[in-house]
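Order of the sequence lines fixes the chain letters, A, B, ..., with proteins taken first and strands second; residue numbering starts at 1 for each chain.
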Amino acid sequence: MTATAERPATTIFRRPRSTTGLWSWLTTVDHKRIGILYGYAAFFFFVIGGIEALLLRIQLAQANAEFLTAGAYNALFTMHGTTMVFLFIMPASAAFMNYLLPLLIGARDVAFPRLNALSWWIFLFGGIFLYSTFIFGTSVPPVSPDGITGNLAPGGGPGSFNWLADSPDGGWFCYQPNCGPLYSPGTAMDYWALGIQILGLASLVSAINFIVTVFNMRARGMRLLRMPVFAWMTTVVAFLLLFSLPIIAVALFMVAFDRQFGTVFFAATSGGDPILWQHLFWLFGHPEVYILILPAMGIVSEVLPVFSRKPLFGYSAVVFAGAAIAFLGFGVWAHHMFASGITPVAQAAFALATMTIAIPTGIKIFNWMGTLWGGRLRLSTPMLFAIGFLAMFTIGGLSGVTHAVVPSDWQQTDTYYIVAHFHYVLFGGAVFGLFAGMYYWFPKLTGRLMSDRLGKVHFWLQFIGFNLTFAPMHWLGLQGMVRRTWKYAPETGLEPWNLAVTVGAFIIATSIAVFMFNWYRSKRRGALAGMDPWDARTVEWMTPSPTPEHNFSEPPVVTRLDHFWHLKYDEDEEGRPVRRPEADEMLAHLEDVGRHPTTPIHLPNPSYFPLVMAVGIPLVFYGIIYHTSAWGKALIVVGALIMLAALIGWGMEPLEEPHEAHEPEQEGVEEESGHV
Amino acid sequence: MLRLIRGATVAAMALLLGACQLIGNEDAPLTTFRPAGPNAERIDDLFWLVFWIATAIFVLVMGALVLILFVFRDRKKEDAREPKQLHGSPKLEVLWTVIPALILAVIAVPTVSSVFELTGCEDDSMRVELTGHQWWFEFHYPDQGVDTANVLVIPAGEEVCLEMTSDDVLHNFWVPALHGKRYLVPGQTTLLRLEASQPGEFWGHCAEFCGLSHSLMRTRVQAVSRAEFDEWVAAQLAPANLPADGTPEFDGYQVFLNKGCTQCHTIRFDDEASSNIVLSELFNGPDLTHFASRNVFAGAVLPEGGETHEQALARWLADPPNVKPGSFMPNLALTAQEIEDLIAFLESNT
Amino acid sequence: MSELATAAHLEGETTGVENRKLGMWVFLSSEFLFFGALITNYLLYSNRAGFSGVYPAEIYDIPFTSVSSFVLLMSSLTMVLAHNALSRHDQNGARTWLFATAALGSVFLGGQVFEFTEFVVNYDMRLSSNPAASAFFVLTGFHGTHVAIGVIMLLSLRGMSRRRGGLSDSHGMNLELVGLYWHFVDIIWIVIFTVVYLLSAPPA
Amino acid sequence: MSTTDHPTPAQYWKIAVVLAVLTAVEVALFYINRELELGALNAVLLITLAILKFVIVVGWYMHLRFEKGLLSRFFTAGFALACGCYLVVLATLGVVVIRGG
Ligand code: HEA
Ligand code: HEA
Ligand code: CUA
Ligand SMILES: [Cu+2]
């Protein structure tokens, strides 16, 4: 089907045309720009989440400290966890997926470019909605079942950050009934529940988009088992999102209904079952942790081969292990509930299921080491981070296995031992992996290289800071430090290590500052990268850097895994690569064609409607929070009308403007693509 | 610069490990490493088994990684040869699937068996009903008829079965020296068995986030000999002493009656005196009949920092939510005199 | 070493299914998890003993619900007939069947409104009565919302077809998509009708 | 756009009749069970009937039978995953009792 088949019946607005400046970013449907937007937003939230963590750490540096009030502390760890998971790692992964997925599979864009823009805007507004709790949210003292009103925390001095206490404070898994209407009255928790709901919507739309992209948009010859591992992991993550988000959506609706409309799903006083929430949350939450780690594993699988100058060892094993992790990930959720009083049969079953995940994960680890084995390891910054990932993730994974040993977990659960585990996998794993990717693909993004020297300073500072922060937490946990604790008594003997942890956190912060400086400077003044700075293997490097708007002038025709590498290298009898004599000429040709396409290329036109549509959603959700008041109802109506208008506009606007090719030379040729 | 940082890393790691070793012997009352009863010991054994297996894997994997980095690092020599392009090895894939599976099987067997061994209670063990409140623990001994709070007294060498529930949100009862954790779920009953081999006092903590003062919801378990336990029960069953007229204790008693304390707290006197107190069903606060017999109170948080029981009580009565943010016991605006009298009265209830 | 780019190498890069249709199927597969959670929720609570107030299973009007289930089921027939008519370029037929589908859907919705009102007014079963009631209303309510969205989509398709004198090929895809969604909502009701209405019983 | 071997309208009507009959049987079973207390048999029968209707609608009305296998794989994946996970949730919450435990 081509867009020429019909003329737009009415054009309410003129189509956006700007290709530079603010408007171009507000209306873009280019997957690369959307990726960049995701990336900066995610990093912004990383800094916010990090600052929250630093505040937590200052409070915990000493026993019985009074730096933060209890209310502020509880709000901060809740927002820290929520931010890092939903507003940092997920969108940062989405940034990579958006930017890279089409490039990796040799496509011009994702299947539904406008839906892609919609996902981004929904995400952004979801994040803003969630954070607006700091301004609009309220916490009021709970009322006991017997009708006695509790007391709020004493205010503390102006330096005690008590104003932060008016925000969600139930932990990132919001256990019921503490998060219910009875024990968390006030609107803060509504912001949390509805904010996560909005963010989930954004991810669900992305997931569908990526799945269709992978199955329908690959370049010729790019069979599934020729896709780069990162594209594979994107696919796997998309399926994880697809199947786990509806679960949390229902769970969050139940919370929201309990809080807003008087249902009693989790109200123990009316017979509701608080454990049901835990099942639903973790049935989502455990797949979620693989949603967080698999993209990083994909990145590492791209980086290690390039810097070892060897193909990925056991490509298909790595791919299938990724899929197996995802599949098994749906069968282990109750390992977060070993202490909840589920039957021993269930505990044993979930323990066994949990342990099996170590097998496919081990397969990945060992294949990565097989990749390194016998290679010519260039320890540039991306490689350092990838190796850091390998080492740190293994530690986190092994402590994960110790949790799977149920009776041990009864001791460990809800202590800093768990906090240590998940920071090793989340920070040591996902964050190290993401940094590897940032250094690796920075040239693709900007055409320049990041400073390797500063990169190494960043790496080593972060590596030290990270271990100093999170290694002692194992110890603290086993010495009895429960998590989510605002204060601990001096007699517990926990103080020295807590101080070390806090120092470590500040070293991490320093390292991040180094990174930010490096990024800023390299963008302006970094060495020019050229098209293929790393002598890479995959087809995204077959386009000039920075990537031109149309990605590929001629989409590659892929003949095998690591297509690009094999265009550059032949193998001798020993199986060692020999650079083809024509390689340099080919690169020059690719660069030239990439910049100056010979055939006209038709790209999806920018559109206002994703942005407009996304504006409506938070309005409706604000309206729901205040639905008892007239203006709350008005907000719902206004939001709905905006969405409806956007929908109509969207429906009437063809994806590609048939008679306004965006460059004069590009008339006539139609690219096949969907209409959404 | 870089070399410096790298050197520092290695040194820091070594220090870290060493320091762990040192502080291992330190006196941490909540540590999981000093099990004091059969349940915790069983867990401890299991932990160490798994710990050493994990450490072995860790050492092997890290050792191999460091070795690889050392051997295969590109030394940027001109004549360096390109590496052989290995694509994988089905044999190795099988190997590193099977070996971890076998290791896990080794871990799985004791895991599963101990789960069954350590869950639930023996039928004939002594029962204690435990109810979690924001932010204190209430203990009721149904067979003995004793009510107390925050300090659980048990006979050493005997199994005690906690039948646990919660009055409000989730809590999680944890005494590391005696057993792992178990949730207290409103509307449901969960079981946890505790046994201390020797007399002693053990610290505990609520481990599930339960609102504003979760970090100040602690507990103690005191294991005593059977004889002492029986004595303790007898003492707890005795009614509180009605103070004689004109003493400071009596003034405190009057304050207690008149300042609304009885809305939430029970003190059991002998029958005649009890009839003086209108016990309101309004709210359930800790039973204060033998308040002074408990070495810690207010969620086992007070006294703290070396203060005496009396000093702590004075601080508590002056402004409970200041000691414990969010506490359901309000600041009753007591005068210094009233507080003094109350202390005299409450401290006499041993 | 390098192989030739033979035709066999280049096969199988896409599914051949139109993007939007693939997207719709992918979306529908995730809806199982959505409704599954709601049904689970109902199953958990529907026969727990000890709630105050009535249980939904005590007051079902099976004959009434059977009729509205039948109505929804038949709307799947009219939906598929609309699709079939369009594929035969029978614009009028398509319009008629679309309208019939929307009408049947509306009847079903009307039935649901009636049922809810009945439960609230006659039996005082409300969202807040007990978890079983909460679960019932939220499950069937979300299903009803899906039906309502379907009806709106059907009507706008029909409206578009009238304004433009017919549905073009690309609208044919729209119709097919709406159809898939519609049938899906119907099969969810098949499950709900059996599991929630016919099989559930109040606690003994 | 659509494949050629779709059912004809006549077939669609026939399928509708089958569906209607199955529904009638379901309702009948409900009343029979009230009188005769069929117990587990009732559940088995009703669920079988529902599955039958489900498969018919998906297979013919949604044309899944006539589509690329990939679509059925996606669809069944969602369905199977939902059934699997939620049954385990119910089992763990003690609603579905699995014998032998
Ligand atoms: C990136 C995220 C991520 C990842 C990848 C993992 C991976 C794993 N996690 Fe983790 N986990 C979290 C994030 C993650 N987790 C979070 C956020 C929480 C806490 C949530 C909260 O309470 O707030 C948590 C909590 C958590 C718990 C609950 C603890 C509790 O609260 O009581 C458990 C229990 O079993 C667990 C287990 C595991 C296991 C077995 C793995 C496995 O996948 C690990 C597998 C990897 C390896 C084992 C290492 C490499 C393998 C080899 C070298 C092969 C050889 C190894 C063996 C033979 C053992 N995790
Ligand atoms: C990906 C996820 C992620 C990441 C990266 C982190 C990063 C960090 N976390 Fe995170 N954490 C979680 C996920 C994560 N955390 C989750 C899910 C929880 C559970 C929450 C709950 O219980 O509900 C948790 C809980 C948690 C706790 C437990 C709180 C409690 O139980 O009471 C602690 C305590 O120390 C902590 C500390 C830290 C620290 C010090 C970092 C540091 O690594 C952060 C370092 C980053 C920065 C410091 C960035 C800032 C940069 C700068 C400031 C540069 C300078 C700026 C300028 C020049 C402008 N975290
Ligand atoms: Cu009670 Cu934490
Ligand atoms: Cu998990």
Side-chain angles (χ1 to χ4, degrees), chain A residues 70 144 146 148 150-151 153-154 171 175 177-178 183 268 309-311 313-314 317 339-341 344 347-348 351-352 355 358-359 362 366 372-378 394 398 402 405-408 410-411 413-414 456 460 464 471 475 478-480 482 484-487 492-493 571 575-577, chain B residues 2 5-6 9 12 16 20 26 28 30-32 43 46-47 50 54 58 61 68 72-74 82-85 87-88 93 96-97 100-101 104 108 111-112 114-116 118-119 169-170 172 176 180-183 185-187 190 205 207-209 211-212 215 282-283 321-322 325-328:
Chain A
S144 82
D146 322 78
I148 299 261
N151 300 281
Y175 270 2
N178 186 41
Y183 300 99
R309 300 185 66 72
K310 277 180 69 208
F313 199 80
S340 70
Q347 297 186 32
L352 295 181
M355 287 178 190
I359 298 172
F366 297 129
L372 295 175
W373 179 268
R376 236 173 96 185
L377 311 181
R378 284 178 292 157
T394 304
L398 289 173
T402 65
V405 177
V406 184
S408 296
W410 292 336
Q411 290 287 22
T413 188
D414 283 329
K456 283 182 172 148
W460 285 105
I464 301 168
W475 186 249
L478 294 172
Q479 292 289 66
V482 298
R484 299 171 167 187
T485 184
W486 159 63
K487 272 185 178 180
T492 52
E571 274 175 29
R576 295 178 195 275
Chain B
L2 264 176
I5 302 183
R6 251 178 268 156
T9 317
L16 220 84
C20 274
E26 200 218 356
L30 283 164
T31 182
T32 58
I43 297 178
L46 193 60
F47 172 81
V50 178
F58 172 75
V61 173
I68 289 175
F72 297 108
R73 170 161 189 194
D74 185 9
E82 289 282 16
K84 263 209 186 103
Q85 304 290 294
H87 292 270
E93 299 294 346
W96 56 51
T97 309
L104 289 170
T111 300
V112 172
S114 56
V115 168
F116 285 91
L118 294 171
T119 327
V169 302
L170 290 172
N172 195 347
K181 305 179 188 68
R182 190 69 83 234
Y183 287 7
V185 186
T190 51
H205 207 298
E208 191 58 57
F209 180 65
L212 214 46
S215 56
L282 192 58
F283 190 78
N322 191 35
S327 172
F328 283 90

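At a 4.5 Å heavy-atom cutoff, the contact between B/Val185 and chain A is made by side-chain atoms alone. Contacts between A/Tyr175 and chain B at a heavy-atom distance below 4.5 Å involve the side chain alone, from C-beta outward. For chain B, the nearby part of A/Leu352 is the side chain; its heavy atoms alone come within less than 4.5 Å. Both the backbone and the side chain of B/Ser215 come within contact range of chain A, judged by heavy atoms closer than 4.5 Å. For a residue to count as touching a neighbouring chain, one of its non-hydrogen atoms must lie under 4.5 Å from one of that chain's; by this rule B/His87 touches chain A with backbone and side chain alike. With a 4.5 angstrom heavy-atom cutoff, B/Glu208 touches chain A via backbone and side-chain atoms both.
In this structure, B/Ile43 CD1 and A/Gln411 CD are separated by 5.0 Å, a value rounded to the nearest 0.5 Å. How far CZ of A/Arg309 is from CG of B/Asp74: 8.5 Å, rounded to the nearest 0.5 Å. If you take NZ on A/Lys310 and CG on A/Leu377, they are separated by 9.0 Å, rounding to the nearest 0.5 Å. Interatomic distance, CZ of A/Phe313 versus CD of B/Glu93, reported as 6.5 Å (0.5 Å rounding). A distance of 10.5 Å separates CG of B/Leu170 from OH of A/Tyr183, quoted to the nearest 0.5 Å. Considering CG of B/Leu212 and CH2 of A/Trp486, their distance stands at 8.0 Å, rounded to 0.5 Å.
Among the candidates B/Phe47, B/Phe72, B/Phe58, the residue making the largest number of heavy-atom pairs closer than 4.5 Å to chain A is B/Phe72. Most heavy-atom pairs under 4.5 Å with chain B, from the set A/Pro577, A/Gly171, A/Ala351: that is A/Pro577. The residue among A/Val405, A/Leu372, A/Val406, A/Thr485 with the most heavy atom pairs within less than 4.5 Å of chain B is A/Val405. No other option in A/Ile359, A/Thr394, A/Thr402 has as many heavy-atom pairs under 4.5 Å with chain B as A/Ile359. By number of non-hydrogen pairs under 4.5 angstrom with chain A, the leading residue of B/Ile68, B/Thr190, B/Val50 is B/Ile68. Among A/Gly575, A/Gly314, A/Ser408, A/Gly374, the residue making the largest number of heavy-atom pairs under 4.5 Å with chain B is A/Gly374.
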Practice problem: In sequence, state the C-alpha distance, the side-chain angles, and the governing distance for B/Phe209 and A/Asp414, and then conclude on side-chain contact (heavy atoms from CB on, under 4.5 Å). | Solution: CA-CA 8 Å; B/Phe209 180 65; A/Asp414 283 329; over 6 Å; no
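The 12-atom threshold is exceeded at CH2 of B/Trp96, counting heavy atoms of other residues, nucleotides or ligands nearer than 6.0 Å.
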